[in-house]
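For reference, the structure is listed below as structure tokens.
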Protein chains: 2
Amino acid sequence: MLTDRQLLILQVIVDDFIRSAQPVGSRSLSKKEGISLSSATIRNEMADLEEMGYIEKTHTSSGRVPSVKGYRYYVDHMLSPQRLTQHDISIIKSIFAEKIVEFEKIIQRSASILSDLTNYTSIVLGPAVSENKLKRIQIIPVNKETAVAIFVTDTGHVEHKMFSLPASVNPGDIEKTVNILNERLNGVPLEELNDKIYKEVAVLLKQHIQNYDSMLHTFAQLLKMPITEKLFFGGKTNMLSQPEFHDIDKIRDLMMMIDQEEWISSIIRNNAKGIHVRIGSENNNKIMDECSLITATYSVGEEKLGTIAILGPTRMEYSRVIGLLQFLSRDLTAVLTKLYQNN
Amino acid sequence: MLTDRQLLILQVIVDDFIRSAQPVGSRSLSKKEGISLSSATIRNEMADLEEMGYIEKTHTSSGRVPSVKGYRYYVDHMLSPQRLTQHDISIIKSIFAEKIVEFEKIIQRSASILSDLTNYTSIVLGPAVSENKLKRIQIIPVNKETAVAIFVTDTGHVEHKMFSLPASVNPGDIEKTVNILNERLNGVPLEELNDKIYKEVAVLLKQHIQNYDSMLHTFAQLLKMPITEKLFFGGKTNMLSQPEFHDIDKIRDLMMMIDQEEWISSIIRNNAKGIHVRIGSENNNKIMDECSLITATYSVGEEKLGTIAILGPTRMEYSRVIGLLQFLSRDLTAVLTKLYQNN
DNA sequence: ATTAGCACTCATGTAAGAGGAGTGCTAACA
DNA sequence: TGTTAGCACTCCTCTTACATGAGTGCTAAT
């Protein structure tokens with residue numbers, strides 16, 4: 001266990017390093033107010049903290065830097081979310097200023113504002129559309145061979161897709177089919193559409209439609225489209241200003257990973273409810289060894305709907321970022337709940 | 001005027017510098033095959049070329065580097081578009097492999113493939129939707145207060161927007177209005193919709209609709225939405241691999257400018273038909289002083305529809321990039337023409 | 001238990017010098 | 001008159017050496 005004094009020293013080291021990005025030495029610590037110990041005493045304590053793995057040296061005679069374990073302890077036991085300033089709050093509130101709620105825009109603005117407020121990179125995952133309920137299907141022929149299918153959900157989300165019309169189909173049949181689909185599939189969550197069309201709609205189609213086979217096939221194909229929520233990023237270039245990324249190769253790897261979206265996506269989509277912090281090597285990704293990722297979810301009711309996240313250096317302002325994420329996730333939850341309950 | 005020998009030397013300097021990124025010295029030039037001159041002679045010629053402004057030194061005793069004027073001459077008079085390899089061609093063709101033409105996807109894939117083939121950053125501007133003709137308007141109520149308006153064009157493009165329903169409107173009136181709009185506005189280019197609604201539709205609405213005023217206002221508002229084509233980027237991180245951008249500050253400025261989209265957008269949207277090359281300071285933008293931008297348009301018939309572009313260092317493989325852009329812009333034109341004439 | 005003192009380590013910055021690639025100029029040559 | 005060899009000079013780059021300073025660990029005194 002750590003003594004009170006060790007806790008104090010660890011805390012000051014982390015705080016100081018987060019601020020300055022410079023390894024913290026015993027002498028500079030001893031001169032801090034709130035600490036009335038000689039540098040020698042601090043050196044002894046630091047040696048102990050190092051032995052326990054909370055801090056590290058960058059070379060034999062350098063000051064100390066928090067280790068992953070150190071940051072972890074700091075985040076788990078010493079940190080309280082920063083209270084936001086009035087200024088921060090008003091900026092976040094401005095996200096929701098416009099009256100008509102176009103959700104994608106809110107998400108996008110959230111990402112951009114979050115990165116502005118933190119100077120890190122922000123990532124926002126839109127609300128799970130696949131759980132939205134179908135409101136209306138519309139088929140609009142574009143020319144003889146192709147048509148556009150449009151799906152509108154109860155939250156006002158619109159998906160659309162072009163497709164080839166089955167050969168020799170007659171317009172009346174399409175209309176009939178669409179009517180049947182709307183009647184039967186109204187209120188069904190998007191992810192269950194494909195199921196339902198076989199179980200409930202197929203029979204009806206068979207009764208009313210000539211070109212039953214190709215029609216069913218076409219629509220089943222349409223409904224099979226995977227609905228993956230888009231990721232929105234903000235401040236991708238902010239990382240370039242961090243002193244730990246002076247090395248262009250590191251930056252390149254990192255930026256390529258971000259642009260790839262693959263790794264980020266897998267993390268962001270599969271995280272559990274609440275706020276989570278992944279520090280450095282905890283990310284299980286070489287490229288992320290010097291980065292931390294903080295994720296927060298937003299929900300409606302009990303159900304997690306989407307995620308907002310901040311990616312920054314391990315030397316990140318955890319307190320501030322967690323404070324901001326907490327606040328924004330609550331606001332998003334509130335807005336969404338209102339939107340979803342309005343139906 | 002430049003003598004043949006000066007032309008030769010200029011060409012070799014540009015080619016060599018594009019390949020190696022190293023200033024070219026007289027001695028290494030004299031050893032090139034195809035050149036049987038002593039280094040002293042070449043030094044004399046180089047001095048002349050420098051005096052005329054085609055090449056520069058980085059310091060008093062360095063080799064020569066092409067100036068903007070030098071690149072300009074090279075591009076205008078010495079360059080023929082590279083013939084593509086079979087491999088290049090098949091990769092470009094793969095963009096159009098999928099049968100059903102979802103245009104946004106084609107654009108996106110074009111950007112990504114273009115950046116892969118060149119290792120530079122690619123920028124693609126989608127076809128001008130504002131000239132597409134309206135095929136169908138659809139209004140779908142989401143809840144009591146809001147509805148989604150959906151616009152489908154003759155090319156299968158879909159725009160949608162949420163809006164507040166006017167207070168105390170009755171459903172029948174909305175339906176009637178939509179019918180009138182569809183009847184009257186079918187085939188009208190999107191950019192002219194706002195005009196037409198006042199000139200032709202307003203009168204009809206007045207006759208048939210109770211809530212004439214608020215209805216007209218609502219729809220006019222909807223149709224006023226600015227339809228700006230999206231920009232798609234590919235290989236934003238490729239710049240990080242260019243040796244001229246070893247400096248992190250330069251890279252940051254450049255990346256921020258790209259992410260901003262403002263400057264790029266203004267250039268890309270306003271360029272004339274055909275292929276254009278902007279070299280270094282010709283871009284009138286400090287940040288772009290060491291970059292070149294090559295743009296190409298694609299069209300249907302005589303009309304320019306969109307733009308594809310490559311952003312790279314001034315030391316860019318002009319010949320290859322122009323070859324690729326030419327080829328791709330022709331292919332895009334072909335596909336689009338087919339798509340647009342199918343109606 | 002705390003601290004003063006000291007020897008030691010290592011990153012950083014500066015200065016000096018060697019090496020090398022390149023230039024401009026001059027004079028000789030064809 | 002155009003071409004080339006030769007040479008002095010410039011300036012970048014790399015290495016080495018050295019001084020400085022921040023920081024450490026350890027020991028002994030308080």
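In what follows, chains are A, B, ... by sequence order, proteins preceding strands, each numbered from 1. Atom set for the values below is all heavy atoms of this structure, side chains included, hydrogens, waters and symmetry mates excluded. Note that the structure is predicted; figures quoted are calculated from it, not measured.
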Atom pair distance, as rounded to whole Å: [atom1] in [X] and [atom2] in [N]:
X        : N       : atom1 : atom2 : answer
His59(A) : dT12(C) : NE2   : C1'   : 10 Å
Arg64(B) : dC11(D) : CZ    : P     : 14 Å
Ile9(B)  : dT23(C) : CD1   : P     : 11 Å
Glu45(B) : dT1(D)  : CD    : C1'   : 14 Å
Glu50(B) : dG24(C) : CD    : P     : 7 Å
Leu37(A) : dA4(C)  : CG    : P     : 11 Å
Lys57(A) : dC8(C)  : NZ    : C1'   : 12 Å
Ile13(A) : dG23(D) : CD1   : P     : 12 Å

Would you say a side-chain N or O of [X] is under 4.0 Å from OP1 or OP2 of [N]?
X        : N       : answer
Thr60(A) : dT24(D) : no
Arg27(A) : dA4(C)  : no
Ser61(A) : dA22(D) : no
Arg43(A) : dT27(D) : no
Ser26(B) : dT23(C) : yes

For residues Leu29(A) and Met46(A), determine if any side-chain heavy atom of one lies less than 4.5 Å from a side-chain heavy atom of the other. yes
Side-chain H-bond candidate by donor/acceptor type, Asn238(A) with Ser241(A), under 3.5 Å: no
Quick one: do the Thr307(A) and Asn271(A) side chains pair a donor with an acceptor below 3.5 Å? yes
Give me the ring orientation class for Tyr318(A) and Tyr71(A): parallel if the planes are under 30° apart, tilted from 30 to 60°, perpendicular past 60°. tilted
Please classify the nucleic acid contact of Thr41(B) as base, sugar-phosphate, or nothing, using heavy-atom distances under 4.0 Å.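 Counting heavy atoms under 4.0 Å across all strands, the contact made by Thr41(B) includes a base.
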Could you walk me through whether Asp16(B) and Arg19(B) pass salt bridge (Lys or Arg N to Asp or Glu O under 4.0 Å), step by step? CA-CA 5 Å; Asp16(B) 205 67; Arg19(B) 210 180 30 75; 2.8 Å; yes
Just wondering, are more than 12 heavy atoms of other shown residues or ligands nearer than 6.0 Å to CZ in Arg109(A)?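 Yes, enclosed.
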Which heavy atom of Gly280(B) sits nearest a heavy atom of Ser292(B), and at what distance?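 Nearest pair, atom of Gly280(B) first, then Ser292(B): N-OG, 3.7 Å.
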With the criterion being N/O to N/O and under 3.5 Å, what pairs connect the protein with nucleotides 26-30 of chain C, and how long is each?
none

Starting at the 5' end of DNA chain D and moving along, which residue's nearest nucleotide shows up first, Arg5(B) or Thr58(B)? Arg5(B)
